[in-house]
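Notes follow once the structure below has been shown.
Along the sequence shown, residues are numbered consecutively beginning with 1.
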Amino acid sequence: MPLDLPDIPFNKARVPFVTPDRADCIASLWKNKTYDRLKLHLPKQFCQLPFFPFPPNFPEYPSKYQFVDYLESYTKMFDINPRFNESVQSAKYDEYICRWLVVATGENADKVVLTFEGLDEFGGHVMHACDYHSGEQYEGKKVLVVGCGNSDMEVCLDLCHHNAFPSVVVRSSMTGKILPILARITLGNSEKCGIKRPLMGPLELKNTKGKTPILDIGALQKIKSGNIQIVPGIKKFSSGCVELVDGRNLDFDSVILATGYCSNVPSWLKVRRMPTTSFPEGWKGKCGVYAVGFTRRGLSGASFDAIRVSQDIAKICNQETRPLCHSFM
């Protein structure tokens, strides 16, 4: 369903820009690399982009489909036309070709796949969470979900809704890093389920560690009832089996790696000019390089960076006598 576009004033002093995108559409990660039940993990006011609030009829935590509609409407509102199916292989500084480079590929460009001893011998179905859409195909199966964040909890809950038998790995080294569920939700003693609360609150941990709070949308109750099992770290895999660090051997049909994502900037940016300072100054590098969305503050951080980058480039353009100013995003 199309969104009603609000009448928002826009800065008339525009800087020409080119935006290559290796994907073939807007919001490709949200459209193609996320599970069906995904919602924003922070309230919508912390996820909106510059000059374009979410529609008031959207819920506090919009669904992935609502967010995709929002992003598509944003591009229409501001006449943003990426050059799709164009992948940057390398980038280096040349003032006569391009004065500015805005790196906005994000911290979640490529999936992280951990290696485990014996995984090649497991024999069952193994996939990264980016390829998981629904638990429908896992009905009646035992599924091991490796990870410790919102994705693995939501995948486990979805598996339960499709009558699968999920277990989630909570390594001892990560136990203290699991974030508290929002304070408005009454948890009870989650340590009895194998989940310890950290010393930091969710906002402090987000600001200092860049980690998003786990939002409970039903997974905790499934853990308490035993429908989702908590298991410790993995020692190794064998045919149809996982040996845990506590010595137990458990049989599983499938493994889902909810092990996160990482930036791909080091693979193509050939100059070390990315910003080295932390938020709120993490948007400006050297020799015309800017960064958007690398301060571990999610969409709100990207919005903050984007405003400051555009203001800085526009200011330079307005101060100089050059007839044309070009930027590359």
Side-chain angles (χ1 to χ4, degrees), residues 14-35 38 47 49-50 64-65 67-115 126-133 151 210 257-276 282-299 301-303 305-306 309-310 312-313 324-329:
R14 286 181 147 185
V15 177
F17 62 89
V18 176
T19 308
D21 192 326
R22 66 178 179 178
D24 60 1
C25 62
I26 293 293
S28 63
L29 290 179
W30 284 84
K31 286 181 179 178
N32 304 322
K33 299 294 184 179
T34 55
Y35 39 93
L38 176 65
C47 300
L49 299 178
K64 85 173 211 177
Y65 303 103
F67 188 58
V68 168
D69 284 344
Y70 168 79
L71 294 177
E72 291 178 337
S73 297
Y74 189 90
T75 61
K76 294 176 183 177
M77 180 69 187
F78 298 116
D79 194 27
I80 300 172
N81 298 293
R83 293 166 56 166
F84 293 119
N85 299 305
E86 291 191 4
S87 181
V88 176
Q89 300 300 314
S90 66
K92 57 184 179 180
Y93 184 70
D94 189 327
E95 181 179 5
Y96 297 100
I97 296 178
C98 178
R99 296 198 57 199
W100 298 293
L101 172 65
V102 181
V103 181
T105 52
E107 298 169 301
N108 300 318
D110 292 334
K111 63 184 179 183
V112 173
V113 179
L114 301 182
T115 58
V126 180
M127 69 158 61
H128 191 273
C130 70
D131 298 314
Y132 176 92
H133 297 288
S151 292
L257 301 173
T259 46
Y261 301 84
C262 65
S263 168
N264 63 9
V265 173
S267 69
W268 58 266
L269 185 58
K270 303 306 179 183
V271 290
R272 296 183 179 180
R273 297 290 186 268
M274 285 285 283
T276 56
W283 54 272
K284 189 171 184 178
K286 299 177 181 179
C287 293
V289 175
Y290 295 87
V292 172
F294 289 88
T295 56
R296 300 186 301 179
R297 278 170 168 72
L299 293 167
S303 179
D305 294 339
V309 168
S310 60
D312 196 62
I313 293 177
L324 290 176
C325 296
H326 295 282
S327 61
F328 195 73
M329 301 178 66

- Message: Is any side-chain heavy atom of F17 closer than 4.5 Å to one of V102?
- Response: no
- Item | Separation between CG of N108 and SG of C262, rounded to the nearest 0.5 Å | 8.5 Å
- Give the minimum heavy-atom separation between A23 and F84, together with the two atoms involved. O-CB, 3.3 Å
- Item | Spacing of OG1 belonging to T295 relative to CG belonging to D305, to within rounding of 0.5 Å | 4.5 Å
- Nearest 0.5 Å, what's the NZ-CG distance between K64 and L29? 11.0 Å
- In this structure, CH2 of W30 is separated from CG of L38 (nearest 0.5 Å) by 4.5 Å
- Decide side chain to side chain contact (heavy atoms under 4.5 Å, CB included) for W268 and T105; before the verdict, give the C-alpha distance in whole Å, the side-chain angles of both, and the deciding distance to 0.1 Å. CA-CA 11 Å; W268 58 266; T105 52; 4.1 Å; yes
- All heavy atoms of F294 vs all of S263, minimum pair found to be CE2-OG, 3.6 Å
- Determine the sole option in T75, N81, V68 for which the side-chain contact (heavy atoms from CB on, under 4.5 Å) test with I26 is passed. T75
- Item | Step-by-step side chain to side chain contact (heavy atoms under 4.5 Å, CB included) determination, L257 to K111 | CA-CA 10 Å; L257 301 173; K111 63 184 179 183; over 6 Å; no
- Item | Inter-residue atom distance Y290.OH - I313.CD1, 0.5 Å rounding | 5.0 Å
- Under 3.5 Å: donor-acceptor pair, side chain of H128, backbone of A258: no
- Taking it one step at a time, do N32 and C25 satisfy side chain to side chain contact (heavy atoms under 4.5 Å, CB included)? CA-CA 10 Å; N32 304 322; C25 62; 4.3 Å; yes
- Item | Nearest heavy-atom neighbours spanning P82 and D21 | CB-CB, 4.2 Å
- Query: Of the non-hydrogen atoms in A302 and V292, which two are nearest, and what is the gap between them?
  - Reply: O-CG1, 3.4 Å
- Task: Would you confirm whether S303, through its side chain, and L299, through its main-chain N or O, come within 3.5 Å as a donor-acceptor pair?
- Result: no
- Item | Counterpart residues, side chain to side chain donor-acceptor pair (under 3.5 Å), relative to K33 (two or more places apart) | none
- Only one of N264, V88, N85 passes side-chain contact (heavy atoms from CB on, under 4.5 Å) with R22; say which it is. N264
- On the 0 to 90° scale, with breaks at 30° and 60°, tag the F67-Y70 ring pair as parallel, tilted or perpendicular. parallel
- Measure the OG-OH distance between S151 and Y35 for me, rounded to the nearest 0.5 Å. 3.5 Å
